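What follows is a short report on a single structure.
As the structure is a computational prediction, the values presented were derived from the model and not from experiment. In the text below, chain A, chain B and the rest are named by the order of the sequence lines, each starting its count at 1.
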Amino acid sequence: MTQINIRFVTFLVFLTLALSACSPPPEEQLLADTTRLSILPAYRDFLAASRQLREATTTFCSATEQSTDTYTVVRSAWRNTATTWAGIQSLQFGPLLVDNQAWKVQFWPDRKNLIARKVEALIKEDEPIDVARVEKASVVVQGLSALEYLLFDDIAGQLSRYQQADSQRRCDLLIAASAHLEGVAIFLHTAWQSDGGNYAATFSQPGSNNQEYPEAKVAIGTLLDSLVYGLELIKRDKLERPLGLAETGTQIYLLEWWRARYSRAAIVANLSALHQLFSAGEGFGLDDYLQQVVDGTDLAKAIDQGFRHVISQASEIETPLFDAPNSPETLAQAKALSDTITELEVRIKKEIPPLLGITLSFNSSDGD
Amino acid sequence: MKMKRRDFLFASGMLLALPTPLWGRNSERYSPVISAARLGKGEYRIGRWDQNHWTAAADIGHRGHDSQFHRQRNELLFFSRRPGREIFIIDGASGQLKRQVEASEGYHYYGHGCLSADGRYLYTTENHVAGDGQGAIGVYDCVNDYALVRHLDCAGIGPHQIALMPDQQTLVVAMGSIKTLPDSGRVTLNFDAMAPALHYIDRHSGILLEAVPSPHQHLSLRHLDVSPTGTVVVGGQFQAELPTPLPLVYQHRRGGELQALALGDVPLVLDSSYVASVSIDDQGKFAVTTCPRDDVVCLWNLAEGHLASSYRLPDVAGTVYDARHQQFILSNGGGQLMGLRPGSPRLFALDYASGVHWDNHLRLA
C-alpha cells in the first residue's frame, strides 16, 4: 500500500514537472488555441467562399445564355460568403484594420443609397470594367454590398437584367467585383498565415519584443474588445436602429443585407462566430481560462449559456427582418433578442475585465 | 526664408550619411510626452513618459486632464478638470511636484490652459461658480509664483480648450456652453439656452474680437488646435439625440465661416458623436481627431477639407504632433502610445505603459 502511494506520488511529481516544462503559460495557450481554432478557420472559410463566389459569377456570365440555375448558384455563393464574412466582421484588429479592409467587403450602412447610384453610374461609363477599375473606384462599388445590389435588388438584381442590352457590363462588374473581393480575402488570409504575414504569431506570442502585444493582457483585451464590439454591432446597428426598437422610428434601409433578405442569417452567423471566439471550440478558450485560472466558473458557464440562448432566439425568427415593421410578432422577437444580447454584452463588458485585470474603456466615459 | 535644419539636411543629401546620435537619441522613436493617467482605482498620476518609463511623475488625488510644457521655466503644468481647483507644477529637471496653484475663491478649472509665447503668462479656462457659472479666463504671472493677475471675461459659458494664435496676441477659446455647477455635479443646467461657439479674445484687453457660433445649438465645441498659419481645427460633442448627422470637426480662419470637414463616401458612423482631442501637424496640412467613445481616430486633409483616413484604436485618448519624428502620437486607455503618419495604412506601436490608462490629452515636453 505504502509502496503504491510512493509510486503514485513520484508519478505525480514527474507529471507536474513534465507539464510545467512543456506547456506554455495559460495566457499563451488561450491565445494560441483561439487563433488556431476560432480565428484562422474564419479567414480560411471566408477565402474559400469568396473563391466559390468568383467562380460562380464567372460560370454564370460565360454561358451563352444566362440561366436560372446558374443564377441560383451565384446567389447561393453570395449568401455563403456573407455568412463567412459574419465570422470575421467582429475581429477588429490586425490585418482587417490595414487600410480599412472591412470597408472593401461591406459598405454599410448606406444612408444615401449610394450603392445603387454609384453601381449604375459605373455601368453607364465607357471605361472597361475589370478588377483594376473596381479597385480604383470607391468602396461603394466594391465587395459584398455591390454584389448584393447586382444579385438581389428588386430591379437591378433580377435575372432578366442579365439578358438585356447592358447585360455584358453588368456581368463584367459581377466578375470584377467578386474577383476583387477574393483578392481582399486572399490578403487577409495570407496576412495571418505563417508563410505570409504571420499575424497568428504576432497575436498569440505576446512579449516585450512584440511591439503590438507587449503583454498577454493586451491581446486578451483585444479578444474581449471583439466580443463586445460584435455584440454591440448586432444589438445597435443590426436590430435597434433599423427596426426602431429604441425610441427613434424605423429606418429599415439601414438593415444589413436588406436587399438579400439575409439579415437574420448574418446575425446567427455573427453570434456563432462570437461564441466560437469565446470558447475556442474544444480548445483552451476564454471560457476555460475563466474557469481554470481566475475562478470565474459561474461566469464562464453563464456566458456560454447566454450565447446558446441568443443563437436559438435568433434562429427562431422566421419572417425576414426586412418585413418586421409589418409584423408585430417579428418585432417582438427582435426586441427580445436585442434585450438578451444586451444582457450578454453587459456581463462580458462588466464582469470579465476585473477578473483578468483589464480595463476596456477608460476614456469612453466622462471624458471632458 | 529661414531654412530649417531638417530641410537643410535633406537638401544637402547628408541624411543617409549621418550617424544616428546626431539625428536623435539612438533608440528614440518618439519625443517625450506628458499626460495625465489613471493607474488603478482612485490612483491618478501626472507626468512625463519617455521611452518606456516615467521621467517625471506626481500622484494626485483625482483625475488630471490637459497639460502644458513651460519651455523657458522647464516646468510641466497640469490643469484639473471640473470641478477641480488646482494647477500642478512639476519641475522638468527633477521630475518632482514643486508647486500647486489654487483657483480663486468661487472658481474652478476646466482642465485646459495655454501660455504666452514669451512664457510670462498662463491663461486658463475657468468656471466662475460664484458668478452663476459664467465663463472666465484666468491670467497668471508665471514669474511671480503663478499669482493671479486678473480674470478676463470670455463672453459665454463653459470655456473649454484654449490656445494662443500665431499672432501671439489673440487667444482662441472653444466655448462648450455647457453650464454645470459643483453642487449639481456634471448635470447640464442650460440645455435649452446653449450657445456653443469659437471665441477669439485679445489677451491684453480681454475684448471679444470675433465670435463664431457652432452650426448647432447642441453641438458643444470643446477641443481645438491651431496651425502655425492660424487655421483653427475644432471638434464637437453632440449633446442631444445620438448620433447626429452633423459633421463633428470644423476648420476656421479669422473672418471666415466654420468649414465642415467632410467624411466623404465611407461607411463610418461616429455613434457617440464625441470628439475628445485635436492636433494639427507643423505644416498645417493634416489634423487628427480622436473619438474615444467610438474607438476611432480620424486623419483630416485640411487643404482638401475632408477625411484622409480613419483608424480604429480601442479607447483612444490624446493626440499630439511630434515634428521631430514627423508623426502624430496617439495614446489610449490600454497604456499604448501609437504612431500615425499620413499615408500609412495602419497605426504603428511606439510604446506601452503597463497598467497605465492614458487620459484624453497628450503634449510634448
Quiz item: For A/E127, does the CD atom sit with more than 12 other heavy atoms under 6.0 Å from it, leaving out its own atoms?
Solution: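 Counting neighbours around CD of A/E127, more than 12 heavy atoms of other residues, nucleotides or ligands fall under 6.0 Å, so yes.
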Practice problem: Check step by step if side chain to side chain contact (heavy atoms under 4.5 Å, CB included) holds for A/R241 and B/D271. | Solution: CA-CA 11 Å; A/R241 192 167 292 155; B/D271 278 286; 2.4 Å; yes
Please determine, among [options], the option with the most heavy-atom pairs under 4.5 Å with chain A.
options	answer
B/S354, B/G334, B/G333	B/S354
B/S272, B/P314, B/A276	B/P314
B/H112, B/R38, B/Q237	B/R38

Using heavy-atom distances under 4.5 Å, tell me whether [X] contacts chain B through its side chain, its backbone, both, or neither.
X	result
A/Y229	side chain
A/K217	side chain
A/L114	side chain

Practice problem: Give, for atom NZ of A/K118 and atom CG of B/D265, the distance between the pair rounded to the nearest 0.5 Å. | Solution: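 These two atoms lie 3.5 Å from each other.
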Quiz item: Roughly how far, to the nearest 0.5 Å, is the CD atom of A/E212 from the CD atom of B/Q336?
Solution: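 Here the rounded value is 8.0 Å.
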Practice problem: May I have the step-by-step check of side chain to side chain contact (heavy atoms under 4.5 Å, CB included) for A/R236 and B/V269, ending in yes or no? | Solution: CA-CA 12 Å; A/R236 184 190 58 209; B/V269 181; over 6 Å; no
Self-check item: chain A neighbours within residues 338-350 of chain B, where any heavy atom lies under 4.5 Å away
Solution: B/P345, B/R346, B/A349
Which answer fits [X], side chain, backbone, both or neither, if we ask what part of it has an atom under 4.5 Å from a heavy atom of chain A?
X	result
B/H160	side chain
B/V266	both
B/S309	neither
B/S277	neither

Self-check item: Carboxylate-amine/guanidinium proximity below 4.0 Å for B/R312 and A/D225
Solution: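 Looking at B/R312 and A/D225, the cut-off is met.
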Quiz prompt | Heavy-atom check, side chain of B/P267 versus side chain of A/F107, under 4.5 Å | solution =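 In short, these two side chains touch, coming nearer than 4.5 Å.
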Quiz item: How about residues 133-143 of chain A versus chain B: which residues have heavy atoms under 4.5 Å apart?
Solution: A/V139, A/V140
